[in-house]
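First up is the structure itself, then whatever we jot down about it.
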Amino acid sequence: MTRRVAIIGGGSSGLVCIKTCLDEGLEPVCYESSDDIGGLWRFKENPEPDRASIYHSVIINTSKEMMCFSDFPIPGEFPNFMHNSLIMEYFRMYVDHFKLTKHIRLNTKVLQVKQRSDFSHSGQWDVEIENKDSTKEKHIFDAVMICIGHHCEPNLPLHDFPGIDTFTGKFFHSRDYKTPEEWRNKKAVVVGIGNSGGDLAVELSRVTKQLYLSTRRGAWVLNRVGENGIPLDLNFNRVLDFFKRVLPFGVYCSLGERRLNRRFDHHLYNLKPKHRLFSQHPTVNDDLPNRILSGTIQVKPNIRRLQGSSVEFNDGTIVDDVDLVVFATGYNFSYPFLTSKVVSVSQNKTKLYKYVFPPELERPTLAIIGLVQPLGAIMPISEMQARWATRVFKGCIKLPSAKAMLNDIKYKEESMASRYVASQRHTIQVDYVSYMDEIAELVGVQPKIKRMLFTDPKLALKLVFGPCTPYQFRLRGPGKWAKARQAILTQWERMAQPMQTRPCDEPPCHSWLTWPVVLASVTAGVAAYMYRNSLCTVLQDPMAWLDWMKSFLPAENN
């Protein structure tokens with residue numbers, strides 16, 4: 001009999017789970033509580049309860065070649081960093097191409113997911129749902145994939161801000177922000193310097209009278225645009241990952257910090273944190289330094305208290321007549337439809353093997369997909385997790401013992417605690433390349449680069465020195481895609497395509513001059529070193545220059 005799989009959530013993780021189930025011969029049913037797919041990336045003017053919500057101008061922080069699903073490249077004409085509307089367009093193309101629509105039930109809320117009485121034998125689940133007309137149904141599934149993400153429940157720690165109840169302006173969480181026009185010529189404070197806090201501060205600063213960006217710890221700020229205008233995340237390759245693993249953590253951080261400070265001095269801009277670069281999830285923002293430099297954003301420490309329309313900061317400064325405070329203070333995640341004995345969550349911490357499987361279930365038929373915070377794109381990671389989970393469901397891959405899984409979880413928790421600043425934000429961090437390789441090895445799809453150096457050296461070099469794009473994990477093994485090699489070889493062309501919007505005649509390149517100049521410079525340097533004693537004499541007595549030169553000329557015959 002075909003195994004039935006319940007998929008909870010129709011966002012990016014849910015969609016790829018449907019497709020992966022179909023690839024493995026499973027029967028998926030996706031329950032989406034809203035009236036459309038897209039999850040986090042679907043903009044709605046009015047936020048819905050218990051759902052992620054974005055503002056109108058959101059542009060993704062990861063480039064299209066790094067964020068696409070591994071067997072469905074984003075069209076070349078799409079920009080490298082896409083607006084949320086284009087991400088939705090890509091999702092619809094994906095759904096149409098792989099015919100996923102018939103497996104999605106919109107306007108259907110999952111009320112409860114419960115183990116059946118014979119779970120130790122069958123591994124099955126009772127799933128209770130509520131339809132749009134409020135009718136309830138119960139269905140039996142052989143496995144469950146939870147894909148609701150971790151941006152649904154806003155973290156709004158008002159108890160940390162004394163006097164907030166006296167504040168005469170307006171305050172809300174960043175999930176409720178949509179557009180800046182309402183705050184033109186007013187004073188605003190944004191609390192938090194994560195990606196949302198940085199984006200909102202920049203956008204509001206273009207219309208407000210003054211914007212104050214409040215941060216407890218500061219942040220290291222990356223930008224989307226890397227060297228030579230290449231998207232920064234295309235530098236995420238295996239060479240960089242190798243150096244991350246072999247270099248001491250402090251040395252690796254220092255190299256990155258020095259590079260960031262060459263763009264702008266974080267100390268000068270009052271942003272430099274006490275923690276190291278890779279001890280916190282970095283903030284990605286191209287415009288923040290410019291807005292600080294132009295004075296439209298002032299960086300301030302944490303808020304000490306609020307009183308009426310005044311905000312006092314920890315440095316003792318007070319700003320009067322504040323109209324708005326936006327709390328970009330992150331999110332909590334939870335699973336209210338599951339009992340705590342299945343998955344227990346406390347302060348954004350939960351025990352999952354490789355961030356996917358509860359380790360102590362009698363049968364491995366429940367997987368949580370997309371519950372990670374990578375420095376990179378989430379979509380390929382969710383896809384890799386789904387490819388692993390579906391093969392576990394089928395029995396093609398066996399999980400280790402509960403003890404071994406708990407030891408792996410403990411090791412990851414200790415590694416995270418030693419590296420990251422203690423925060424609810426840093427409970428689900430993963431490094432993109434190493435985590436993808438870790439799960440790919442379990443699935444049997446990690447590229448065999450050493451062998452490829454002999455069989456296909458051109459491709460092997462692309463895998464080592466080029467970006468770690470998702471296509472690499474479709475070259476072999478289960479789910480192998482015939483077009484993966486070509487997708488890798490043409491990825492730079494797709495990166496460049498959307499920017500080629502006018503003919504640009506380059507001046508002739510006189511590259512033939514380069515090597516003579518280099519050789520002449522090297523020769524002059526070597527000669528200066530070999531004759532450095534004579535050269536010092538010449539510099540002290542310029543008139544001795546002729547005598548020094550004569551020493552190299554043939555003697556005259558008398």
Side-chain angles (χ1 to χ4, degrees), residues 61-63 66 192-199 201 213-228 230-289 292 299 301-302 328 330 348-349 355 372-378 381 410-438 464-468:
N61 286 332
T62 51
S63 67
M66 294 296 291
I193 197 172
N195 288 321
S196 294
D199 282 351
L213 179 57
S214 171
T215 171
R216 287 180 297 170
R217 287 190 290 262
W220 294 103
V221 180
L222 281 65
N223 55 324
R224 295 181 179 91
V225 184
E227 290 186 2
N228 300 313
I230 303 300
L232 181 68
D233 61 356
L234 292 182
N235 292 312
F236 294 172
N237 57 30
R238 298 182 185 280
V239 174
L240 195 66
D241 187 64
F242 170 77
F243 283 115
K244 177 179 68 67
R245 286 185 279 109
V246 300
L247 289 176
F249 180 72
V251 173
Y252 188 68
C253 287
S254 294
L255 293 172
E257 290 162 9
R258 192 174 298 120
R259 195 164 184 175
L260 293 183
N261 280 327
R262 281 203 298 266
R263 178 182 173 232
F264 75 92
D265 186 333
H266 283 61
H267 184 272
L268 178 65
Y269 281 66
N270 210 23
L271 287 171
K272 184 178 179 180
K274 292 181 180 179
H275 59 262
R276 305 308 302 270
L277 172 58
F278 295 105
S279 293
Q280 186 180 32
H281 192 80
T283 297
V284 179
N285 197 300
D286 294 77
D287 299 321
L288 183 58
I292 295 172
V299 181
N302 200 34
N348 275 13
K349 293 181 181 179
Y355 303 97
V372 291
Q373 180 71 55
L375 178 55
I378 185 67
I381 289 179
K410 183 179 179 182
Y411 170 76
K412 283 181 166 54
E413 287 177 345
E414 291 174 349
S415 299
M416 188 175 300
S418 66
R419 170 177 166 180
Y420 285 101
V421 172
S423 167
Q424 288 193 183
R425 189 184 182 195
H426 299 124
T427 58
I428 50 176
Q429 291 290 137
V430 297
D431 292 314
Y432 176 84
V433 177
S434 55
Y435 183 75
M436 287 286 282
D437 279 344
E438 182 179 0
V464 173
F465 297 102
C468 189

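Every heavy atom of this structure was used, including side-chain atoms; hydrogens, water molecules and symmetry mates were not.
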From [X] [atom1] over to [Y] [atom2], what is the distance, rounded to the nearest 0.5 angstrom?
X: Leu271; Y: Leu213; atom1: CG; atom2: CG; result: 7.5 Å
X: Asn223; Y: Asn61; atom1: CG; atom2: CG; result: 11.0 Å
X: Phe465; Y: Leu240; atom1: CZ; atom2: CG; result: 12.5 Å
X: Arg263; Y: Tyr269; atom1: CZ; atom2: OH; result: 9.0 Å
X: Leu234; Y: Leu232; atom1: CG; atom2: CG; result: 8.5 Å
X: Arg262; Y: Arg259; atom1: CZ; atom2: CZ; result: 6.5 Å

Item checked: Pair Lys244 + Asp241: basic N to acidic O under 4.0 Å -> yes
Check: Is Arg419 paired with Asp431 through a side-chain N to carboxylate O contact shorter than 4.0 Å?
Finding: yes
Check: Do you know the tightest heavy-atom contact between Gly218 and Gln280?
Finding: O-OE1, 3.7 Å
Checklist line | Closest approach of Thr62 to Ala377 (non-hydrogen atoms, all atoms of both residues) | finding: CG2-N, 3.5 Å
Without swapping roles, check the side chain of [X] against the backbone of [Y] for a donor-acceptor pair under 3.5 Å.
X: Ser214; Y: Pro301; value: yes
X: Gln373; Y: Gln429; value: no
X: Asn228; Y: Ile230; value: no
X: Thr283; Y: Ile193; value: yes

Notebook entry, point to check: Mind checking whether Leu268 and Ile292 have side chains closer than 4.5 Å, heavy atoms only?
Noted result: no
Notebook entry, point to check: Under 4.5 Å between any side-chain heavy atoms of Val221 and Leu260, yes or no?
Noted result: no
Next item on the list: Determine, using ring centers only, whether Phe236 and Tyr432 are less than 6.0 Å apart.
Entry: no
Item checked: Residues Asn195, His281; criterion side chain to side chain contact (heavy atoms under 4.5 Å, CB included); working and verdict -> CA-CA 9 Å; Asn195 288 321; His281 192 80; 4.2 Å; yes
Next item on the list: Look at the aromatic rings of Trp220 and His266 and report parallel, tilted or perpendicular, splitting at 30° and 60°.
Entry: tilted
Next item on the list: Would you kindly say whether Asp233 and Ser63 are connected by a side-chain donor-acceptor distance under 3.5 Å?
Entry: yes
Check: Under 3.5 Å, is there a donor-acceptor pair linking the side chains of Asp199 and Asn285?
Finding: yes
Item checked: salt bridge (charged side-chain N to carboxylate O under 4.0 Å, His left out) pairs, two or more places apart, involving residues 274-288 -> Arg206-Asp287, Arg224-Asp286, Glu257-Arg276
Notebook entry, point to check: Considering residues, nucleotides and ligands other than Phe249, do more than 12 of their heavy atoms fall under 6.0 Å from its CZ?
Noted result: yes
Margin query: Would Asn237 and Val433 count as a side chain to side chain contact (heavy atoms under 4.5 Å, CB included) here? Give the steps.
Written below: CA-CA 7 Å; Asn237 57 30; Val433 177; over 6 Å; no
